[in-house]
Amino acid sequence: MKPTENLGSFLAHAVVLEDEAAQRYDELAEAMRQHNNPEVTDLFERMAGYSRLHRAEATDLAERYAGGLPALKPWEFNWPGMESPESASMEGSHYLMTAHHALKLALGAERSAQAFYAGVAAAATTDRIRELATEFAEEEADHARQLIDWLERVPPPDPGWDEDLDPPVEVE
Ligand code: ZN
């Protein structure tokens, strides 16, 4: 059951992706709270909220149009355009020491989700999957744009503050 061919499978993938995103934003929000950065804490809490809304929407669509979410086994997932949601997950709190790094980590995850949805849209074999995947990809692109705006306001720390600290995702 490929997400490009089966609506239930597509929505099951979306639920996993959004669930991972919500958990990651919860952790990022907590890290920023500990670093006394209320603005970025608020941003991440809002983003976690978007992910939970999105997950609820995918669950609801599955109930209405696909007979409910299929119970896919871990190996039955198929992630074209990305390794897996875990690959974008937190690589360790080492990278969460600054708001800049937390924002970059979140941006990498949003781009990875966008690439997944865009990949499904491009290869979809039904109109409904194509339409939904396109819509979801646009929402992820909007999340990425919000993070890019924030990255412009939150510059990287001075060089050398931690010699080998480089986030696992690039902004470029
Ligand atoms: Zn998103």
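Counting convention: from 1, in listed order, for ligands and their atoms alike.
Partners of E131 by salt bridge (Lys or Arg N to Asp or Glu O under 4.0 Å), not counting sequence neighbours: none found.
Shown are R46, R33, R52; of these, the salt bridge (charged side-chain N to carboxylate O under 4.0 Å, His left out) with D26 is made only by R52.
Of all the N, O or S atoms in E110, the one closest to the Zn ion (ligand 1) is OE1.
Between the side chains of S51 and H54, no donor N or O sits under 3.5 Å from an acceptor N or O.
Not one N, O or S atom of E18 sits under 2.8 Å from the Zn ion (ligand 1).
Ring pair F77/W79: centre-to-centre distance below 6.0 Å.
Computed with the Zn ion (ligand 1) at the centre, the H143 ND1 to E140 OE1 angle is 110°, stated to 10 degrees.
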